[in-house]
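All remarks here apply to the structure that follows.
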Amino acid sequence: MSSYVSPIREPLVTGSKTYHDITEDLVSPTEKAPAASWVIGFILSISALAVGLFCIAWTIWHGIGTWNLNRTIGWGWDITNFVWWIGIGHAGTLISAILLLFRQKWRTGVNRAAEAMTIFAVICAALFPGIHVGRAWVVFYFFPYPNTRGPLWPNFNSPLLWDLFAISTYFTVSLLFWYTGLVPDFATVRDRAKGIRKKIYNLLSFGWVGSAKHWQRWEYLSLVLAGVATPLVLSVHTIVSFDFATSVIPGWHTTIFPPYFVAGAIFSGFAMVLTLMLVTRKILNLQDYITIAHIESMNKVILATGTIVGVAYLTELFIAWYSGYVYEQFAFFNRALGPYWWSYFGMMACNVITPQFFWFKKIRRSIFWTFLLSIVVNIGMWFERFVIIATTLARDYLPSSWSYYSPTWVEMGIYIGTFGLFFTLYLLFTRVAPVVAIAEVKHILKSSGDQYSGKADPGHHHVDVQEDPNFISYLSGSSFDYAKDKDGNLSYATVTKDTSSTAAAGTAKKSESVTSSKPDDLKKLEGIGPKVASALIAAGITTFSQLSETAIDRLQQILDEGEGNFMGNSPESWPEQAKLAAEGKWDELNDLMDRLDGGKY
Amino acid sequence: MGAKKLVFGLYNDEEVLLEAVKSANAEHIDIYDVYSPFPIHGLDPLLGLAESRLHIAGFIYGMLGTLTAFLGMSWIFTKDWPIIFGGKPYWAVPSFIPITFEVTVLFASIGMVVTFYIINGLGPGVENTYLHDRITDDKFCLAFDSDKMTNADAEQFFRKTGASEVHEKDIK
């Protein structure tokens, strides 16, 4: 086909999809009534959101005193949840930006949903500092703007302000990146929609027409946005870690924090993407687009980043001991064996041991184990943030300030509320937008579709003639006698002049196709490309059986007379291949193709 | 733009369309545009499309962001309201780096995306005439200007190059 694909690469689109199949499969979830499981999920999410909104209102009305924070424990569940959600928001832009730069084609199956998760997770995260400041209605004081208070500016030396800039930028860039990718797909939905839906999607698709120049600029934009988003995604959790690392608190002020936070963020982000995608692919029947190969690739990322996190934990312990600094040593001793030992144990068990299971290919490719372990990783990463924040603050320099922190119902309710917000937004997203990037999957179909890499189930190889109901050619009342096989490849036969109406022509063709032989996709045979196939069709050879009965000399003659340069093509094996194809012996044909070299013996 | 009439053929496969574009070039036929459901690699040079300069614009926007952030913070903390934070000098360059970086990325991204939509004539509420419902699905469209080519010639061309349908349509 068009580009060489290594035979060891697994196909990323299975089920021998045509371009039209992709559109049908990915747009239909937005057109059908929601499944019962969706409705139940939505009701649960909305309920959780309502709990959260109530607790936020309670916090704002009564003040932060409703939380169990005090003078030494200034950060509790709020900042734990903030860092946790921000971490989850790291997979989306990593998948869309870094994997785009690395030309990882498997990103196309999961990038759309992962980017949506990024945006929703960042919204959940931003909520926490927003209400933690207390007077949430003047939260805009954070931003530097010429004001009547001096003007009084924020402190640009503060990592908390850096964080504000990092997260606002991250949210904006992720949203722009996501939406620009969605525009062509909204156009696809628009062109199938009717009535009010058409109006809505017309608005959403920005008038996209798919012009060549627009696509060129679209690809440039995606690439350059990926280029700037790559350092951005690395910078966000780096700066979140600065909130801790630039302090003078033992256990926080370590230089390992930035890389270790970034690895941890990617680790937890991929875990959340897997948790949600495994459910989404099942409910929306996306098994052909989010394949086991995708799941295995993501599990490999979890293994790599999880191992980095594990090494970082052990490095922290070593450095605490090696530094000879008693406060640092005490901080880590307290984490592992102090009153919060259970959270340290949970963190170590979930984050250090769990990802190591993914060394086994069977577990990497098992949906059950992946789902289970991805949830364990999410729990572990929440414990990590809790360990860093709560256990450290509960043991101050002054033993007189020592205390034990546990959340109030208000803090728990807000955390539940962010789950409600996240899942409500995600469920709405699956109804409104195609959850897999349609245009991008079509783009990789010919290099990663199973039928093109010869890995399709041979049962899919039978050829159907499909009458296209949209077929009209009204310019001079003539019609092209063409047929499309299952792969969407054009295998047009002789061109006929037909002055009768299109409908009549359609019926005539239908009856004809039953009696006479159907055109086959000659390109299935080794050594026959689109050009050769059209030359053969022009010479009247449209089926495998016709080809098998044609003499090699005649085939060579067709090539010599045909348009274009066929110097490299040798027809010597074609009749033998065609004979096997005509008899439906696909296994034998595959064996023969393995022995052939570009169609030559 | 005045009203224009286009005659266009729809192909079922991008490789067939690429061959058709090559034939059109060989026959010196002016191509109005090509519309497709996804970007077709190798098409731009055949259509004579120049490389996009969007990335240059992005660089300029980014530099603008760098200067805005860095000069802004420098002016605020040295001229407008100098304050000593934690014993640092007023002009504490290293602690300006994170914000300078973030604002650079922000300006480059917003600038490029807005430029992208403006130069393409796309945006919320824009109504473009699209030639056929299945161009965003599975059809690859090659369009000629009707003023420059008769329908009979166009039809002959499309038939020869393997189009599955031929239509004509007025666009704005």
Side-chain angles (χ1 to χ4, degrees), chain A residues 2 18-20 23 144 150 153 155-157 161-162 165-166 169 172-173 176 180 184 187-188 191-192 202-203 206-221 224-225 228 232 235 239 439-440 442-443 470-473 475-476 480 482 484 488-490 492 495 530-531 534, chain B residues 11-13 15-16 19 33-39 43-44 47 49 52 54-55 58 73 76-77 81 85-86 88 92 95-96 98-99 101-103 105-106 108-110 112-113 116-117 119-120 122-128 130 133-138 151-152 155 159 162 164-166 168:
Chain A
S2 53
T18 64
Y19 293 136
H20 185 64
T23 311
W153 302 102
N155 178 6
F156 296 112
N157 298 301
L161 192 75
W162 304 345
F165 274 87
T169 304
T172 313
V173 174
L176 293 173
T180 301
T188 304
D191 290 350
R192 292 162 53 89
N202 193 32
L203 199 65
F206 285 8
W208 179 266
V209 287
S211 157
K213 187 70 186 174
H214 294 179
W215 275 122
Q216 184 207 34
R217 290 180 181 139
W218 185 88
E219 287 210 294
Y220 261 89
L221 182 67
V224 183
L225 277 183
V228 296
L232 177 68
S235 83
I239 292 177
E440 291 180 48
K442 285 178 187 164
H443 193 191
N470 293 341
F471 173 81
I472 326 162
S473 181
L475 276 178
S476 57
F480 295 47
Y482 85 108
K484 204 172 67 167
N489 295 317
L490 187 72
Y492 39 92
V495 174
K531 276 193 200 172
S534 35
Chain B
Y11 297 81
N12 288 347
D13 193 289
E15 287 169 39
V16 182
E19 292 306 317
D33 206 346
V34 169
Y35 303 91
S36 60
F38 57 83
L43 180 65
D44 297 354
L47 293 180
L49 293 181
S52 170
L54 204 55
H55 54 290
M73 285 187 286
I76 286 167
F77 275 180
W81 195 297
F85 292 101
K88 292 190 181 90
S95 59
F96 296 166
I99 290 180
F101 169 76
E102 299 297 333
V103 176
V105 170
L106 186 68
S109 308
I110 294 180
M112 264 194 307
V113 170
F116 169 78
Y117 287 118
I119 57 178
N120 284 345
L122 302 173
V126 170
E127 299 264 355
N128 282 329
Y130 40 92
D133 276 351
R134 286 183 68 173
I135 293 171
T136 54
D137 180 358
D138 60 349
N151 282 353
E155 195 183 346
R159 183 177 295 191
S164 64
E165 298 173 34
V166 182
E168 57 180 346

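To find a chain, count down the sequence lines: A is the first, B the second, and so on, and within it residues start at 1. Given the structure is predicted, the values throughout are model-derived calculations rather than measurements.
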By a 4.5 Å heavy-atom criterion (distance strictly below it), what part of [X] contacts chain B: side chain, backbone, both, or neither?
X: Leu232(A); answer: both
X: Trp153(A); answer: side chain
X: Thr180(A); answer: both

Flag side-chain contact, heavy atom, 4.5 Å: [X] against [Y]:
X: Glu155(B); Y: Glu168(B); value: no
X: Val34(B); Y: Leu47(B); value: yes
X: Ser109(B); Y: Leu225(A); value: yes

So which residue, [options], ends up with the most heavy-atom pairs under 4.5 Å with chain B?
options: Leu221(A), Asn202(A), Val224(A); value: Leu221(A)
options: Trp162(A), Trp215(A), Tyr220(A); value: Trp215(A)
options: Leu203(A), Thr172(A), Asn157(A), Leu176(A); value: Asn157(A)

Is it the side chain or the backbone of Asp137(B) that comes within 4.5 Å of chain A heavy atoms, both, or neither?
->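 It is both, since atoms from each part get that close.
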Asp33(B) versus chain A, the contacting section by heavy-atom distance below 4.5 Å =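 For Asp33(B), the contact with chain A is made by the side chain alone.
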Under 6.0 Å between the ring centres of Tyr130(B) and Tyr35(B)?
->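 Centroid separation for Tyr130(B) and Tyr35(B): 6.0 Å or greater.
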Verify the ring-centre separation between Phe38(B) and Tyr19(A): is it less than 6.0 angstrom?
->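 Yes: the rings meet the under 6.0 Å criterion.
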Lys442(A) NZ to Thr23(A) OG1 distance, which is reported to the nearest 0.5 Å =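 Nearest 0.5 Å value for the NZ-OG1 distance: 3.0 Å.
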Between [options], who has the most heavy-atom pairs with chain A when the cutoff is under 4.5 Å?
options: Val113(B), Val126(B), Leu43(B); answer: Val113(B)
options: Ala108(B), Ala152(B), Ser36(B); answer: Ser36(B)
options: Pro39(B), Gly125(B), Ser95(B); answer: Pro39(B)

Give me the ring orientation class for Trp208(A) and His214(A): parallel if the planes are under 30° apart, tilted from 30 to 60°, perpendicular past 60°.
->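 The arrangement is tilted - the two ring planes meet at 30° to 60°.
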Indicate the ring-plane relationship of Phe96(B) and Phe77(B), choosing parallel, tilted or perpendicular according to the 30° and 60° boundaries.
->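 It falls in the tilted class, 30° to 60°.
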